[in-house]
Amino acid sequence: MSETTRIEPVVKTITVGCPLERAFTVFTREIGTWWPTESHALHAGEVQQGVWEEHEGGEVYEIATSGARGRWATVVRWEPPHRLVIAWQVNPERAGTEVEVRFTETPEGTRVELEHRGFEAVADGAAMRDGYDPGWDEVLGRFTASLGGG
(Lines give C-alpha, C1' and ligand atoms only; values in the text may rest on other atoms or scores of the structure.)
Protein backbone atom coordinates (compact mmCIF):
# COMPACT_ATOMS: atom_id res chain seq x y z
CA MET A 1 0.00 0.00 0.00
CA SER A 2 1.47 3.35 -1.03
CA GLU A 3 1.10 6.46 1.05
CA THR A 4 -0.08 9.69 -0.50
CA THR A 5 1.92 12.78 0.33
CA ARG A 6 -0.36 15.45 1.76
CA ILE A 7 -0.46 18.68 -0.22
CA GLU A 8 -1.59 21.68 1.78
CA PRO A 9 -4.83 23.20 0.53
CA VAL A 10 -5.02 26.72 -0.86
CA VAL A 11 -6.76 28.81 1.81
CA LYS A 12 -7.89 32.39 1.19
CA THR A 13 -9.90 34.72 3.44
CA ILE A 14 -11.32 38.08 2.42
CA THR A 15 -13.88 40.44 3.89
CA VAL A 16 -16.35 42.20 1.61
CA GLY A 17 -18.43 45.19 2.69
CA CYS A 18 -21.88 43.83 1.98
CA PRO A 19 -24.52 41.66 3.67
CA LEU A 20 -24.08 37.89 3.77
CA GLU A 21 -26.90 37.13 1.34
CA ARG A 22 -25.57 39.61 -1.24
CA ALA A 23 -22.05 38.14 -1.08
CA PHE A 24 -23.39 34.60 -1.57
CA THR A 25 -25.64 35.65 -4.47
CA VAL A 26 -22.90 37.51 -6.30
CA PHE A 27 -20.45 34.62 -5.79
CA THR A 28 -22.90 32.11 -7.27
CA ARG A 29 -25.82 33.43 -9.31
CA GLU A 30 -23.84 36.44 -10.61
CA ILE A 31 -20.53 34.65 -11.23
CA GLY A 32 -20.52 35.84 -14.84
CA THR A 33 -20.24 39.47 -13.72
CA TRP A 34 -16.89 39.07 -11.97
CA TRP A 35 -15.16 35.79 -12.89
CA PRO A 36 -12.09 36.55 -15.10
CA THR A 37 -13.39 34.68 -18.15
CA GLU A 38 -10.83 36.35 -20.39
CA SER A 39 -8.16 34.19 -18.72
CA HIS A 40 -9.79 31.63 -16.37
CA ALA A 41 -12.19 29.78 -18.68
CA LEU A 42 -12.31 26.91 -21.12
CA HIS A 43 -13.38 29.30 -23.88
CA ALA A 44 -11.17 32.18 -22.71
CA GLY A 45 -12.28 35.53 -24.09
CA GLU A 46 -15.42 34.03 -25.60
CA VAL A 47 -17.59 33.39 -22.55
CA GLN A 48 -21.08 34.76 -22.83
CA GLN A 49 -22.41 33.52 -19.49
CA GLY A 50 -21.41 31.76 -16.29
CA VAL A 51 -24.06 29.43 -14.86
CA TRP A 52 -24.38 28.08 -11.31
CA GLU A 53 -27.11 25.47 -10.87
CA GLU A 54 -28.23 26.17 -7.32
CA HIS A 55 -28.68 22.68 -5.85
CA GLU A 56 -26.63 19.68 -4.81
CA GLY A 57 -25.78 17.74 -7.95
CA GLY A 58 -26.06 20.90 -10.06
CA GLU A 59 -23.28 22.05 -12.34
CA VAL A 60 -21.16 25.16 -12.64
CA TYR A 61 -20.31 25.91 -16.26
CA GLU A 62 -19.66 28.51 -18.89
CA ILE A 63 -21.50 29.11 -22.14
CA ALA A 64 -19.36 30.44 -24.98
CA THR A 65 -20.55 32.90 -27.61
CA SER A 66 -20.67 29.92 -30.00
CA GLY A 67 -23.14 28.20 -27.65
CA ALA A 68 -20.55 25.61 -26.55
CA ARG A 69 -20.76 24.65 -22.89
CA GLY A 70 -17.70 24.13 -20.72
CA ARG A 71 -18.20 22.38 -17.39
CA TRP A 72 -16.19 23.61 -14.40
CA ALA A 73 -17.63 21.80 -11.39
CA THR A 74 -20.44 19.86 -9.72
CA VAL A 75 -22.19 21.22 -6.63
CA VAL A 76 -21.56 18.85 -3.70
CA ARG A 77 -23.07 20.94 -0.86
CA TRP A 78 -25.51 23.80 -1.24
CA GLU A 79 -26.23 25.65 2.02
CA PRO A 80 -27.17 29.25 1.11
CA PRO A 81 -26.15 31.77 2.24
CA HIS A 82 -23.48 30.21 4.47
CA ARG A 83 -21.62 27.47 2.61
CA LEU A 84 -21.06 25.69 -0.66
CA VAL A 85 -18.76 22.89 -1.77
CA ILE A 86 -17.99 22.05 -5.37
CA ALA A 87 -16.11 19.19 -7.02
CA TRP A 88 -13.82 21.22 -9.27
CA GLN A 89 -12.90 19.38 -12.47
CA VAL A 90 -12.35 21.70 -15.39
CA ASN A 91 -10.41 19.03 -17.29
CA PRO A 92 -12.45 15.80 -17.46
CA GLU A 93 -9.31 13.84 -18.35
CA ARG A 94 -7.70 14.34 -14.95
CA ALA A 95 -8.75 13.92 -11.34
CA GLY A 96 -10.69 16.74 -9.76
CA THR A 97 -10.24 18.69 -6.55
CA GLU A 98 -12.69 20.24 -4.11
CA VAL A 99 -13.46 23.87 -3.28
CA GLU A 100 -15.37 24.89 -0.15
CA VAL A 101 -16.49 28.48 0.39
CA ARG A 102 -17.93 29.70 3.69
CA PHE A 103 -19.69 33.04 4.21
CA THR A 104 -19.87 34.52 7.71
CA GLU A 105 -21.50 37.78 8.76
CA THR A 106 -19.13 40.20 10.52
CA PRO A 107 -19.44 43.81 11.74
CA GLU A 108 -17.49 44.87 8.61
CA GLY A 109 -19.71 42.92 6.19
CA THR A 110 -19.10 39.31 5.19
CA ARG A 111 -16.01 37.16 5.67
CA VAL A 112 -15.49 34.79 2.75
CA GLU A 113 -13.24 31.79 3.42
CA LEU A 114 -12.20 29.66 0.47
CA GLU A 115 -10.42 26.33 0.78
CA HIS A 116 -9.28 24.51 -2.36
CA ARG A 117 -8.15 20.99 -1.43
CA GLY A 118 -7.61 17.48 -2.68
CA PHE A 119 -4.54 18.10 -4.84
CA GLU A 120 -3.18 14.70 -3.74
CA ALA A 121 -5.60 13.06 -6.19
CA VAL A 122 -3.99 14.79 -9.16
CA ALA A 123 -0.80 13.44 -10.77
CA ASP A 124 0.87 16.88 -10.76
CA GLY A 125 -0.99 18.08 -7.67
CA ALA A 126 1.81 20.14 -6.15
CA ALA A 127 2.31 22.10 -9.38
CA MET A 128 -1.45 22.48 -9.77
CA ARG A 129 -1.72 23.83 -6.23
CA ASP A 130 1.10 26.31 -6.92
CA GLY A 131 -0.86 27.64 -9.90
CA TYR A 132 -4.16 27.94 -8.07
CA ASP A 133 -2.67 29.81 -5.10
CA PRO A 134 -2.08 33.11 -6.98
CA GLY A 135 -5.02 32.34 -9.29
CA TRP A 136 -7.47 32.48 -6.40
CA ASP A 137 -5.99 35.84 -5.34
CA GLU A 138 -6.87 37.24 -8.76
CA VAL A 139 -10.33 35.66 -8.78
CA LEU A 140 -11.21 36.85 -5.27
CA GLY A 141 -9.84 40.30 -6.09
CA ARG A 142 -12.31 40.50 -8.97
CA PHE A 143 -15.12 39.27 -6.69
CA THR A 144 -14.26 41.95 -4.11
CA ALA A 145 -14.10 44.66 -6.77
CA SER A 146 -17.51 43.64 -8.13
CA LEU A 147 -18.98 44.35 -4.69
CA GLY A 148 -17.48 47.84 -4.61
CA GLY A 149 -14.32 47.01 -2.68
CA GLY A 150 -10.66 46.71 -3.61
Side-chain angles (χ1 to χ4, degrees), residues 7-78 80-104 108-150:
I7 300 172
E8 290 297 316
V10 172
V11 177
K12 304 290 179 182
T13 302
I14 60 170
T15 300
V16 293
C18 69
L20 180 73
E21 292 80 4
R22 178 73 184 138
F24 191 90
T25 296
V26 170
F27 196 93
T28 57
R29 187 174 296 158
E30 298 177 22
I31 192 169
T33 66
W34 60 270
W35 189 270
T37 56
E38 65 282 354
S39 58
H40 292 65
L42 295 168
H43 301 92
E46 300 176 14
V47 177
Q48 175 181 310
Q49 181 180 6
V51 177
W52 197 294
E53 295 178 346
E54 301 176 355
H55 58 88
E56 291 178 11
E59 291 188 353
V60 182
Y61 57 93
E62 65 187 51
I63 300 174
T65 53
S66 67
R69 181 172 149 167
R71 184 180 164 282
W72 296 351
T74 301
V75 179
V76 176
R77 294 279 180 262
W78 183 252
H82 300 284
R83 178 177 176 250
L84 61 90
V85 179
I86 56 175
W88 185 257
Q89 190 174 11
V90 177
N91 182 344
E93 311 236 339
R94 62 194 284 183
T97 54
E98 187 171 81
V99 178
E100 178 174 0
V101 187
R102 293 176 301 280
F103 300 80
T104 307
E108 298 80 28
T110 302
R111 183 175 60 247
V112 180
E113 300 169 276
L114 180 142
E115 181 178 320
H116 190 165
R117 58 187 175 239
F119 295 102
E120 299 85 358
V122 182
D124 59 346
M128 179 188 237
R129 187 228 179 264
D130 290 346
Y132 273 107
D133 192 17
W136 280 119
D137 289 331
E138 178 183 349
V139 168
L140 292 174
R142 295 273 301 256
F143 172 67
T144 301
S146 77
L147 290 165

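Computed from heavy atoms alone, side chains included, the values below leave out hydrogens, waters and symmetry copies. This structure is a prediction, so every number in the text was calculated from the model and none was measured.
Here the CE-CD1 distance, from M128 to I7, works out to 10.0 Å after rounding to the nearest 0.5 Å. The CD atom of Q49 sits 11.5 Å away from atom OG1 of T37, with the distance rounded to the nearest 0.5 Å. With rounding to the nearest 0.5 angstrom, the CD atom of E62 is 4.5 Å from the CG atom of L42. The distance from the CD atom of E53 to the CD atom of E59 is 5.5 Å, given to the nearest 0.5 Å. Summarising the geometry, atom OH belonging to Y132 is positioned 5.5 Å from atom OG1 belonging to T97; distances are rounded to the nearest 0.5 Å.
Closest approach of A41 to V47, counting heavy atoms only: CB-CG2, 3.6 Å. Closest approach of A23 to V16, counting heavy atoms only: CB-CG2, 4.0 Å. When every heavy atom of V26 is checked against every heavy atom of S146, the shortest pair comes out as CG1-OG, 3.7 Å. When all heavy atoms of W136 and H116 are compared, the closest pair comes out as NE1-ND1, 2.8 Å. Smallest separation of non-hydrogen atoms from A121 and A95: O-CB, 3.2 Å. P36 and E138 get closest at one heavy-atom pair: CB-OE2, 3.9 Å.
A 4.5 Å side-chain heavy-atom check between Q89 and R71 finds at least one atom pair inside the cut-off. Side-chain contact between V75 and V60 is present, with heavy atoms from C-beta onward closer than 4.5 Å.
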Walk me through whether R102 and H82 qualify under side-chain contact (heavy atoms from CB on, under 4.5 Å). CA-CA 6 Å; R102 293 176 301 280; H82 300 284; over 6 Å; no
Would you please test T13 and R111 for side-chain contact (heavy atoms from CB on, under 4.5 Å) and show each step? CA-CA 7 Å; T13 302; R111 183 175 60 247; 3.6 Å; yes
Please evaluate residues R142 and H40 with respect to the criterion side-chain contact (heavy atoms from CB on, under 4.5 Å), reporting the C-alpha separation (whole Å), side-chain torsions for both, the decisive distance (0.1 Å), and the verdict. CA-CA 12 Å; R142 295 273 301 256; H40 292 65; over 6 Å; no
After noting the C-alpha distance and the side-chain angles of W52 and I86, does the key distance pass the side-chain contact (heavy atoms from CB on, under 4.5 Å) rule? CA-CA 11 Å; W52 197 294; I86 56 175; 3.8 Å; yes
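Of the candidates D137, T110, L140, I14 forms a side-chain contact (heavy atoms from CB on, under 4.5 Å) with just one, namely L140.
Taking 4.0 Å as the cut-off between side-chain N and carboxylate O, R129 and E8 do not count as a salt-bridged pair.
Taking the six-membered ring for Trp and thresholds of 30 and 60 degrees, W88 and W72 have ring planes inclined between 30 and 60 degrees apart.
With K12 contributing its side chain and P134 its backbone, the two residues share no donor-acceptor pair below 3.5 Å. Looking at E46, its side chain never comes within 3.5 Å of a backbone N or O of S66 through a donor-acceptor pair.
Scored by the salt bridge (charged side-chain N to carboxylate O under 4.0 Å, His left out) test, R117 finds E98, E100, E115 as partners (sequence neighbours excluded). Applying the ring-ring contact (aromatic ring centres under 6.0 Å, His included) rule to F27 yields the partners W34, F103, F143; only residues at least two apart in sequence or on another chain are considered.
Annotation: Y61 is not in aromatic contact with W35 [ring centroid separation under 6.0 Å not met].
For residues 16-27, the pairs satisfying side-chain hydrogen bond (donor to acceptor under 3.5 Å, both in side chains) are R22-E30, with sequence neighbours left out.
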